[in-house]
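A short write-up of the structure that comes next.
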Amino acid sequence: MSNTTPKRHLWRDIHVFDGLRTLPESMAVITEGSRVASLVAMREFDEGLAEGCIDMGRGGVMTPGLVDCHTHLVFGGSRADEFEARLEGVSYEEIVRRGGGILSTVTATREASEDVLLELAKPRLQALIADGVTTVEIKSGYGLTVEDEVKMLRVARRLGEALPVRVVTTLLGAHALPPEFQDDSDGYIDLVCQEMVPAVAREGLADAVDVFCEKIAFSVVQCERVFEAAEAHGLPIKAHAEQLSNLGGTAMAARHGALSADHIEYLDEAGIAAMRDAGSVAVILPGAFHTLRETQQPPIAALRAAGVPMAVATDANPGSSPLFMPTLMLNLACTLFRLTPQEALAGMTAHGASALGLKEEGRIHEGAIADLCIWDIDTPAALAYAVQPGRLRQRLFQGELTHAV
Ligand code: DI6
Ligand code: FE
């Protein structure tokens, strides 16, 4: 047999944020192969442990690789014109009613081949990776035919093969009503339930099923039908809910054991209680709030009081959050919503992983997957405090160094 000794990396004098909290002492961390092998306080560190290790340096902050649990990274076209219209006072809903918004991206995405979509998405995903992401969720939802949704999900899977990042895929067939089904939204939901969900389940293309529960999208009853189809195929569910109004989609999703409810600016107490009882994660998306100049705050204090875990994600998409910088979201979550920097970081590590049903990712402990970021900062809070690209010193994906400066 050839040499199979796994590589060992060693960091000394490093502050570790373990996914939920900052460890109280300066640490030494050793990875072996794809796992974290030891995590010891510096004052207990024995230099004998350094033997055979690649010296990765001293100082700085180590966090789990960031988990961006909500993105729409695969799409064709641009919506810069709509950005300009919104600045002139046209609302997001009005743009949708005029046939723009999501549907303009649908037209461009349908026209693009799988290869073209892949090339368009790569630099977006590279931007996330350069900002520390090691796990990313990517939704479909701009195809809205069986064929085009399958095409988008294939692109998402291929992105995970092409780049050093874990890609989790979500079918978002019920994102918007396609023009072919104008005046027949129940007919479109039939297509999602009877053809789309079975097709992606058969091909193993989706890890979960999402819906957009909103007046400009689909009703609670329609979304529930999609969830029942997902359940019949063994797929977990999640929802875009309570983003623009309070329809009760979150409570319904929680009753179905949703992994997460996302946006939730308009969530009420009943919805919070339902999330708590179901163990659903609240995914906070400050990029969309900021871009849409929303004023309704998500109920952060009430979620915190109820013990509902909060994740933070980019919602990276061409319309409501054309922001491809996860660490900016940490800053916005604190500045706009008053999360603490620790809560924001937990939201983009341990709780982000939970929102995807991943139990191992987003954490640092002995035995954890060695998805790690080492930042040139003094305290974990500094990651949310300043918006400053270039602070990622090293990034490891499954124990392999993929980025170093
Ligand atoms: N809510 C969002 O924020 C994205 N989708 C959704 O249901 C926006 C998608 C877009 O505007 O293209
Ligand atoms: Fe979204």
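Indexing begins at 1, ligand by ligand and atom by atom, following the structure's order. Note that the structure is a prediction, hence the values are computed from the model and not measured.
- A distance-only check finds no donor-acceptor pair linking the side chain of R166 to the backbone of V67 [under 3.5 Å].
- Backbone or side-chain N, O or S atoms of D262 do not reach the Fe ion (ligand 2) at under 2.8 Å.
- At least one heavy atom of D315 sits closer than 4.0 Å to an atom of ligand 1.
- Protein heavy atom in closest approach to atom 5 (N) of ligand 1: H175 NE2, 2.8 Å.
- In summary, an N, O or S atom of H72 is located under 2.8 Å from the Fe ion (ligand 2).
- The protein heavy atom nearest to atom 3 (O) of ligand 1 is S320 OG, 2.7 Å.
- In the vicinity of Y92, heavy-atom distances shorter than 4.0 Å reach the ligand 1 atoms 8 (C), 9 (C), 10 (C), 11 (O).
- Interface of Y142 with ligand 1, defined as ligand atoms under 4.0 Å from a residue heavy atom, comprises 9 (C), 10 (C), 12 (O).
- Rounding to the nearest 0.5 Å gives a distance of 9.0 Å between CD of E137 and CG of D207.
- Side chain of N317 to main chain of D315: a donor-acceptor pair is present (N/O by atom type, distance under 3.5 Å, no hydrogens or angles).
- Annotation: cation-pi pair R124/F75 present, NZ/CZ under 6.0 Å from the ring centroid and within 45° of its normal.
- Of all protein heavy atoms, the one closest to atom 1 (N) of ligand 1 is Q243 OE1, 3.1 Å.
- With H240 as the fixed residue, the ring-ring contact (aromatic ring centres under 6.0 Å, His included) test singles out one of Y266, F212, F218: F212.
- For R86 and S91, the side-chain atoms include no donor-acceptor pair closer than 3.5 Å.
- Of all the atoms in ligand 1, the ones that sit under 4.0 Å from a non-hydrogen atom of R79 are 10 (C), 11 (O), 12 (O).
- Rounding to the nearest 10°, we obtain 90° for the angle at the Fe ion (ligand 2) between H70 NE2 and H240 NE2.
- Ring pair F337/F289 is perpendicular by interplanar angle, where above 60° counts as perpendicular and below 30° as parallel.
- Within a 6.0 Å sphere centred on CZ of F181, other residues, nucleotides and ligands contribute more than 12 heavy atoms.
- Checked against a 3.5 angstrom limit, the closest N/O atoms of H263 and ligand 1 fall inside it.
- Heavy-atom separations between F75 and ligand 1 are all 4.0 Å or longer.
- Of all N/O/S atoms in D315, OD1 sits nearest the Fe ion (ligand 2).
- Between the side chains of W11 and Q394, at least one donor-acceptor pair of N or O atoms lies under 3.5 Å.
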